[in-house]
Amino acid sequence: MGLLEDLSQRVSAAFAAEGLAAELGQVRLADRPDLAQFQCNGALAAAKAQGVNPRELATRLAQRLENDPLLARIAVAGPGFINLDVRDAELQSRLRMQLRSALLGAPQTAAGRLAMLDFGGPNVAKPMHVGHLRSSIIGDCLQRLFRANGWRVISDVHLGDWGLQMGQLISEVQIRGLAPVYFDARHEGPYPAVSPVSMDDLEALYPAAAAACKADPARLEAARLATAELQAGRPGYRALWQHFVRVSEEGLTREFSSLGVHFDEWKGESDADPLIGDMIADLKRRGLAVLSEGALVMAVAEPGDKKEIPPLLLLKSDGAVLYGTTDLATILARVSRQDPDLILYIVDQRQHVHFEQVFRAARKADLVRKAQLEHAGFGTMNGPDGKPFKTRAGGVMKLYELIAMAKDEALKRLAEAGLAADYGDDERAEIARKVGIAAIKFADLSNHRTTDYVFDLDRFMRFEGKTGPYLQYAAVRIQSILRKAATAELEEESAHVLDSVEERALMLQLLLLGEAMASAEERRAPNILCDYAFELAQRFSRVYAARHILAEEDHSVRVARLELARLTLAVLTKVLDLLGIEVPARM
RNA sequence: GUCGCCGUAGCUCAGUAGGAUAGAGCACGAGAUUCCUAAUCUCGGGGCCACAGGUUCGAAUCCUGUCGGCGACACCA
């Protein structure tokens, strides 16, 4: 049980004993750390409801807590706040238990429930740019967090491989005459095993095709036709498409692994295709899918809607499917194969209405069983002008360019600090990689998930202050201390109770890991973990500056501080791991 | 037009199941290293929480309106 939870239970019991609602006993961190460690505001609400004096009520409640062995101090303050401090010895013994437990205080919220996380969502033929950072990094953080909290997790990259852009590419290849055999209707037998296009080709073809379709309605029509024919199963198109997908996957795998982002499944929109025929027939039979303006749609409006929710389009008038169709069929596939408790989509906030449509359709058609469907949207990454981020040259910055820049910056920093010389090239490069990635991830994750934010290159290249490298640096310093400490002392337990303000502040923060993880999961909010980690590193740095560890002469004090250092390292490393950040041995 | 999100320090952002003196990082100013990595630490200035009403003992937080920004609104994803 987490410390806040424990305190809340105790205070709740006091409320109950006064005949009041136990929920009012919720304890939280004090707003005024100078006055107390924790506080409960429930007496104010209770007094209001009962029409009694809040201070008197708070005083009665406080009296009931006076003999609690966990508490060092109970005080009534202000209009009726109940302020609480925990005994130092209690803090320390709880910390010891936390260090011994493999979970380090991770809350087991899930009890083995299964969550499927859908994120990444890169498109075939489109290289990943900085805009793909958010989905990948947030999704990866959430899958790490959910696993740590006891969920079974299946993550799926859900490749964009079945929509109009495939038709755009196919028709572009046809017009350029790059691979005529795939367009020869009389061709029989197998198609070439080697792709006619490379990743570089695709990167050039796609923007050209998209631009052409935008400018010329006839080109767009050709792309639509090609899309429909691909989906209908035209062999040459399928073969060509297969090459696009394979070539793209190679590039994408490289990008994701350089970010340290892992997926359990590499499925895509197209994997839902085999289910679509039966699904649509079934929806028609049940009268859920009807023709409207030549398209097959499913109404999803509900009586209480403030806003008109348009029907979900299942089939266009030319018979092609849309991403709503594949999303719906994908739910069907996931539910029938894995029967998850939760399907969580980490996708751009702008697609919120789309998911509302799909989720409603899925529930209406009774496809979900026990699965909760949820869209965890994220805000757009904008440039300084408030519009989606572009490089100075006007193009979109590629992800690998951003990573390379961060690494170079980290290398430069190492050189400036004079640390580069004695490390060896490999280690130096590895440190620069970890530091650069940390800077990028932390800068992104520390923003609140749902709000748009301004992409500031300098911020991603910064290593001081509230940054990923600051956290790594704190961990590295601890590692360095532990390496230098006598091994025998690392095994010992000290009877000394640490009681300096800096150490107490650090211990309190360490004990709140579980609360931070639970809260981050509940709100699907990595920035909560970022704030927790930064606060933790900062409190350690204060201890580091104020309380020398290795030079401490009193053996039992030294050992107690070493224990605290070990626990800090364990917790910090854990949170960084949840954020997808690795800690180098030194930096 | 309808609906949704947002407006907090010079900049970038936290903080909303109502609570005490609204926070952080950067930038700016002043300090700290005979000692565990100065990618650090300490101190300081800096705010009509867009604006106007309302509810409340109490509002950045809840309600209404105004202004401003962004986004979504059926055959793209």
Side-chain angles (χ1 to χ4, degrees), chain A residues 23 26 30-32 34-35 39 41 44-45 47-48 54 77-81 83 121 123 160 162-165 168 210 213-214 220 223-224 227 269 292-297 305-318 320 322-324 327 347-354 357 377 379-380 382 384 386-387 410 413-414 416-417 419 435 443 446-448 450-454 456 458-459 462-467 469-470 472-474 476-485 527-528 530-531 534-535 537-538 541-542 544-552 561 565 586-587:
Chain A
E23 303 85 70
Q26 191 64 46
D31 292 330
R32 296 277 307 269
D34 52 319
L35 298 182
Q39 69 183 66
N41 300 343
L44 292 164
K48 189 176 184 175
F81 303 111
N83 285 343
N123 290 308
W162 208 233
L164 181 65
Q165 78 249 17
Q168 290 177 321
C213 287
K214 202 173 175 186
L220 183 59
R224 286 203 177 115
T227 308
E269 295 166 347
S292 166
E293 298 171 35
L296 187 71
V297 308
D305 289 348
K306 273 191 191 164
K307 166 201 176 185
E308 196 183 336
I309 303 278
L312 182 69
L313 262 81
L314 295 170
L315 292 179
K316 300 199 287 184
S317 19
D318 65 7
L322 290 153
Y323 79 137
D327 277 349
V347 181
D348 195 314
Q349 187 66 37
R350 286 174 297 188
Q351 295 191 30
H352 191 72
V353 177
H354 163 75
Q357 289 175 286
T380 321
N382 293 324
K387 287 183 237 164
R413 184 56 192 258
L414 277 175
E416 282 168 8
L419 294 164
V435 170
S446 54
N447 286 293
H448 184 84
T450 57
T451 49
D452 295 350
Y453 76 98
V454 175
D456 177 1
D458 293 341
R459 188 170 161 222
R462 192 172 291 154
F463 304 142
E464 289 100 28
K466 191 173 180 181
T467 65
Y470 173 87
Q472 291 172 313
Y473 183 68
V476 160
R477 284 167 135 187
I478 302 173
Q479 288 171 165
S480 177
I481 290 172
L482 297 181
R483 270 197 299 268
K484 288 176 181 167
N527 69 302
I528 291 176
C530 290
D531 286 344
F534 179 65
E535 186 66 39
Q538 221 173 20
S541 293
R542 286 184 193 130
Y544 186 91
R547 310 282 147 185
H548 212 284
I549 297 175
L550 294 177
E552 170 59 44
R561 287 187 184 155
R586 52 184 186 170
M587 61 188 275

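Each chain gets a letter, A, B and so on, in the order its sequence line appears, and its residues count up from 1.
- No more than 12 heavy atoms of other residues, nucleotides or ligands lie within 6.0 Å of CD in A:E308, so this atom counts as exposed by the packing criterion.
- For B:rA77, its base sits under 3.5 Å from the side chain of A:Y323 at one donor and acceptor pair at least.
- Scanning for side chain to side chain donor-acceptor pair (under 3.5 Å) contacts around A:Q165 gives A:N123, with sequence neighbours left out.
- Formation of a donor-acceptor pair under 3.5 Å by the A:Q349 side chain with backbone atoms of A:T380 is not found in this model.
- Here A:F81 counts as stacked on B:rA20: its ring centre is under 5.5 angstrom from the base ring centre and the planes meet at under 30°.
- The 5' end of RNA chain B is approached more closely, in terms of each residue's nearest nucleotide, by A:A545 than by the other of A:P311 and A:A545.
- The CG-C1' distance, from A:N382 to B:rC11, rounds to 16 Å in whole Å.
- Comparing B:rU12, B:rC36, B:rG25 by their closest approach to the side chain of A:V454 singles out B:rU12.
- Residues A:L314 and A:V297 have side chains not in contact (no heavy-atom distance under 4.5 Å, counting atoms from C-beta outward).
- Here the separation of B:rC62 from B:rA17, taken at their P atoms, is 8 Å to the nearest Å.
- As rounded to the nearest Å, B:rU64 and B:rA74 have C1' atoms that lie 34 Å from one another.
- Between B:rG29 and B:rG46, the two C1' atoms lie 11 Å apart (nearest whole Å).
- No N or O donor and acceptor, one from the side chain of A:E269 and one from the base of B:rA77, sit under 3.5 Å apart.
- B:rG19 and B:rC28 are spaced 35 Å apart, taking the P atom of each and rounding to whole Å.
- Phosphate contact (OP1/OP2 of B:rC76, side-chain N/O of A:R224, threshold under 4.0 Å): present.
- Taking only side-chain nitrogens and oxygens, A:Q351 never comes nearer than 4.0 Å to OP1 or OP2 of B:rC76.
- Taking only distance into account, the side chain of A:N41 never meets the base of B:rA17 through a donor-acceptor pair shorter than 3.5 Å.
- Evaluation of atom-type donor-acceptor distances gives no pair under 3.5 Å for the side chain of A:T467 against the base of B:rA39.
- In this structure, A:R477 reaches the B:rA38 phosphate: one of its side-chain N or O atoms is under 4.0 Å from OP1 or OP2.
- For A:Y453 and A:H448, the distance between ring centers is not under 6.0 angstrom.
- Taking the charged nitrogens against the carboxylate oxygens, A:D305 and A:K307 have no contact shorter than 4.0 Å, which rules out a salt bridge.
- Among residues two or more places apart in sequence or in another chain, the salt bridge (Lys or Arg N to Asp or Glu O under 4.0 Å) test is passed with A:D34 by A:R32.
- Considering only heavy atoms from C-beta on, A:F81 comes within 4.5 Å of A:L44 through its side chain.
- Contact between the side-chain N/O atoms of A:N83 and the OP1/OP2 oxygens of B:rA20 is not found at any separation under 4.0 Å.
- Each of A:H448 and A:S317 has a nearest nucleotide on RNA chain B; the 5'-most of these lies closest to A:H448.
- At the phosphate of B:rA39, neither OP1 nor OP2 sits under 4.0 Å from any side-chain N or O atom of A:S541.
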For this session: Between protein and nucleotides 54-62 of chain B, map the contacts as a letter string: B base, S sugar-phosphate only, - none, heavy atoms under 4.0 Å, written 5' to 3'.
Result: --SBB----
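- Proximity of A:R542 to the phosphate of B:rU42: a side-chain N or O atom is located under 4.0 Å from OP1 or OP2.
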For this session: Dot-bracket notation for RNA chain B is requested: 5' to 3', Watson-Crick or G-U wobble pairs only, both distances under 3.5 Å, with ( ), [ ], | and . as defined.
Result: (((((((..((((.....[...)))).(((((.......))))).....(((((..]....))))))))))))....
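- Under the ring pair (Phe, Tyr, Trp, His ring centres under 6.0 Å) criterion, A:Y470 pairs with A:F534, not counting sequence neighbours.
- In this structure A:E552 satisfies the side chain to side chain contact (heavy atoms under 4.5 Å, CB included) test together with A:D554, A:V557, A:R558, A:R561, sequence neighbours excluded.
- Comparing B:rG18 with B:rU61, their C1' atoms are spaced 6 Å from each other, to the whole Å.
- Contact between the side-chain N/O atoms of A:Y544 and the OP1/OP2 oxygens of B:rA39 is not found at any separation under 4.0 Å.
- Taking atom P on both B:rC73 and B:rU8, the two are 27 Å apart, rounded to the nearest angstrom.
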